[in-house]
*Asks:* 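To start, I am sharing the structure in question, which I have written as structure tokens.
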Amino acid sequence: MQRKYNPQLTYWLLVLPALLAMAVFYFYPVSRVLWMSVTIPEPGLGNFAQLANSHSINRMLWTTLRISLISTALTLILGYVVAYVITHAEDRRKRLLFMAVLASLWISVLVRAFAWFALLRSDGLINQMLMGLGITDTPLPMMWNEFSVLVGIVHAMLPLAILPLYSGMQSIDPRLVAAARGLGANRRGAFWRIFFPLTLPGVFGASILVFIYALGFYVTPALLGGGRKMMIAEYIKVQILEVVNWGAGSMLASVLLIFIVVTLAIVSRLVDLRKLFGAA
Amino acid sequence: MMTHTPETDTLKIRDLSKTYGKFRALDTVSLGVDQGEFLTLLGPSGSGKTTLLMSIAGFIQPDHGQITLGGRDITHMPPEKRSFGMVFQGYALFPHLTVNDNVMFPLKMRGEKGAQAARRVAEALELVGLSDKGIRYPRELSGGQQQRVALARAIVFQPHMLLLDEPLSALDTQLRGQLQSELKRLHRAVGLTFIYVTHDQSEALSMSDRIAVMREGRLEQVGRPDDLYDRPANRFVAEFMGVENFLPPELSGGQHTLALRAHALELAAGRGRVAAHVTERDYYGAEIRYTAHTESGVPLRFKIAAGQGESLPQEGDAIGLDWQDKDALPLADH
């Protein structure tokens with residue numbers, strides 16, 4: 001007797017390996033971290049009290065939030081312009097620009113951070129040029145501070161912003177802008193009243209993506225901040241690997257996780273997330 | 001409500017040319033459009049009709065030539081200054097704006113607002129029969145309704161003229177017929193100049209005051225629908241007007257190629273004016289359509305009404321064909 005084909009069963013069998021891997025190697029460790037944050041060194045919310053009490057944790061959290069917000073804003077503005085140019089470029093140039101964006105995505109963030117290092121440090125290319133031209137006498141402090149961290153993050157995040165922005169823009173019918181012009185809008189009016197509002201879903205999507213990535217970004221801030229401008233990911237690493245303070249480390253990891261989940265929850269109330277990430 | 005000062009609105013196009021690389025999209029096109037006229041640009045795709053319309057609208061800058069409106073040179077004027085209403089293929093309604101706001105858009109761009117503007121929007125929507133759809137979004141409307149919103153938006157600001165780029169091509173046949181007559185009614189109601197682009201000759205014939213037939217960037221013939229239908233200037237126009245048969249001089253016995261519609265050819269009792277043999281016979285119920293070839297290989301298409309007796313020719317039969325001289329259209333070229 002032939003067994004009946006069950007599409008439901010096949011579906012689950014296909015999903016199962018990935019689901020198991022996620023459960024064992026992802027959900028389990030993450031829940032362990034959550035658990036540790038309320039059990040080490042002793043059960044209770046003692047670790048979370050540090051959010052209110054610890055001056056250094058407080059300052060680090062604000063730094064993280066500020067850098068993430070500023071870098072998201074900068075990335076979005078720069079990314080929007082690039083996505084706009086790619087959208088309106090002719091085919092050959094479009095492919096070239098796309099390759100350039102993807103190439104920067106494919107190069108390791110580590111390599112890119114070191115590249116900025118070579119450019120920004122006191123005897124780096126930029127300072128040498130500025131001094132060579134006589135614009136400054138002493139090298140500008142562009143390394144190991146918030147500036148270098150911002151530069152590094154914006155550079156690393158740009159492709160992540162450009163891709164969803166571009167995908168939103170190229171789905172806009174170019175006749176809409178032409179129609180607006182024909183109906184009496186000048187270039188600026190057609191852009192702000194028609195093109196820009198239609199790109200807002202892409203702008204939201206890219207903002208969320210970049211902001212969440214920036215919040216937990218490790219390599220670039222760690223290398224370009226040089227331990228002086230510490231963001232949360234690096235702080236957690238120091239707590240766990242150097243100070244061996246699992247309580248504070250896991251508490252901060254939990255805070256990061258909860259903050260991101262809450263942010264997504266609020267945003268999903270405002271906009272349709274499934275549409276943003278291309279499911280609908 | 002939508003009248004316009006007449007004599008200032010005569011559009012003149014002189015020697016307009018536009019090339020893309022080696023492709024000549026427009027080749028020294030000259031054309032005048034009278035105020036209040038319904039002019040159709042007719043031609044196959046790639047004939048330059050849309051390029052011509054977009055040049056008139058200001059979206060395409062011609063390489064040579066001049067466009068004037070009431071004597072004023074508008075060749076290099078940006079589209080937003082021309083004040084031409086435009087209906088795009090696919091309508092180009094703003095998806096993030098309601099129907100009201102779509103129709104309001106051109107008024108807003110002209111600094112009109114308040115009760116006065118709202119009244120004009122309501123009037124325009126009433127004119128296209130969509131008074132109750134103002135608060136809807138375009139995606140909630142049917143294709144025909146979207147088409148009407150696009151029309152309302154294009155006429156609400158009392159433009160100098162209305163430019164329409166294949167506005168009905170996305171609709172099914174039945175709706176198309178309905179909207180054709182609505183467009184004609186609208187044209188009479190608002191008294192605006194309409195310039196209408198289509199590749200559909202029956203649409204052009206039924207709606208237009210004049211038709212300009214285009215081919216490879218050139219104007220082939222400009223005239224009233226019956227001019228074009230009864231007196232096509234050349235074989236291309238004749239074919240576009242649905243003429244099936246072309247008899248070269250050596251077969252017609254005259255000096256010109258003769259264009260003959262299928263219904264003008266009839267089966268001769270004897271040898272007839274031209275001899276051929278039947279190569280194809282298709283039964284259509286009310287009529288039977290034949291294709292025959294002459295000895296020199298010229299195809300001839302004709303019809304016979306069904307039920308005309310039993311001795312209808314079969315495939316392979318040798319036949320003779322006749323025609324009346326009044327039905328034959330002599331062509332100027334080949």
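Fair warning: this is a prediction, and the values are worked out from it, not measured in the lab. To find a chain, count down the sequence lines: A is the first, B the second, and so on, and within it residues start at 1.
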*Asks:* With a sphere of 6.0 Å drawn around CZ of A:Arg66, does it hold more than 12 non-hydrogen atoms of other residues, nucleotides or ligands?
*Replies:* yes
*Asks:* Where on B:Leu93 is there a heavy atom nearer than 4.5 Å to chain A: the side chain, the backbone, both, or neither?
*Replies:* backbone
*Asks:* Please flag which part of B:Lys81 lies under 4.5 Å from any non-hydrogen atom of chain A: side chain, backbone, both or neither.
*Replies:* neither
*Asks:* Heavy-atom cut-off 4.5 Å, strictly under: side chain, backbone, both or neither for B:Arg82 against chain A?
*Replies:* neither
*Asks:* Determine whether B:Phe105 and A:Arg193 satisfy the following criterion, side-chain contact (heavy atoms from CB on, under 4.5 Å), listing intermediate values before the conclusion.
*Replies:* CA-CA 9 Å; B:Phe105 188 85; A:Arg193 285 173 185 278; 4.0 Å; yes
*Asks:* Might you point out which heavy atoms bring B:Pro78 and A:Arg181 nearest each other, and give the distance in Å?
*Replies:* CB-NH2, 4.0 Å
*Asks:* Is it true that, when you exclude B:Glu126 itself, more than 12 heavy atoms of the residues, nucleotides or ligands shown sit nearer than 6.0 Å to its CD?
*Replies:* no
*Asks:* Tell me the closest heavy-atom pair linking B:Arg153 and A:Ala179, and the distance in Å.
*Replies:* NH2-CB, 3.9 Å
*Asks:* Could you go through the side-chain contact (heavy atoms from CB on, under 4.5 Å) check for B:Met109 and A:Leu183 one step at a time?
*Replies:* CA-CA 8 Å; B:Met109 291 300 110; A:Leu183 293 167; 5.7 Å; no
*Asks:* In terms of heavy-atom proximity below 4.5 Å to chain B, should A:Leu176 be classed as side chain, backbone, both, or neither?
*Replies:* both
*Asks:* Would you say that A:Ile194 contacts B:His96 through its side chain, given a criterion of any heavy-atom pair below 4.5 Å between the two side chains?
*Replies:* yes
*Asks:* Is there a donor-acceptor pair under 3.5 Å between the side chain of A:Arg175 and the backbone N or O of B:Phe88?
*Replies:* no
*Asks:* Name the region of A:Ala180, side chain, backbone, both or neither, that has any atom closer than 4.5 Å to a heavy atom of chain B.
*Replies:* both
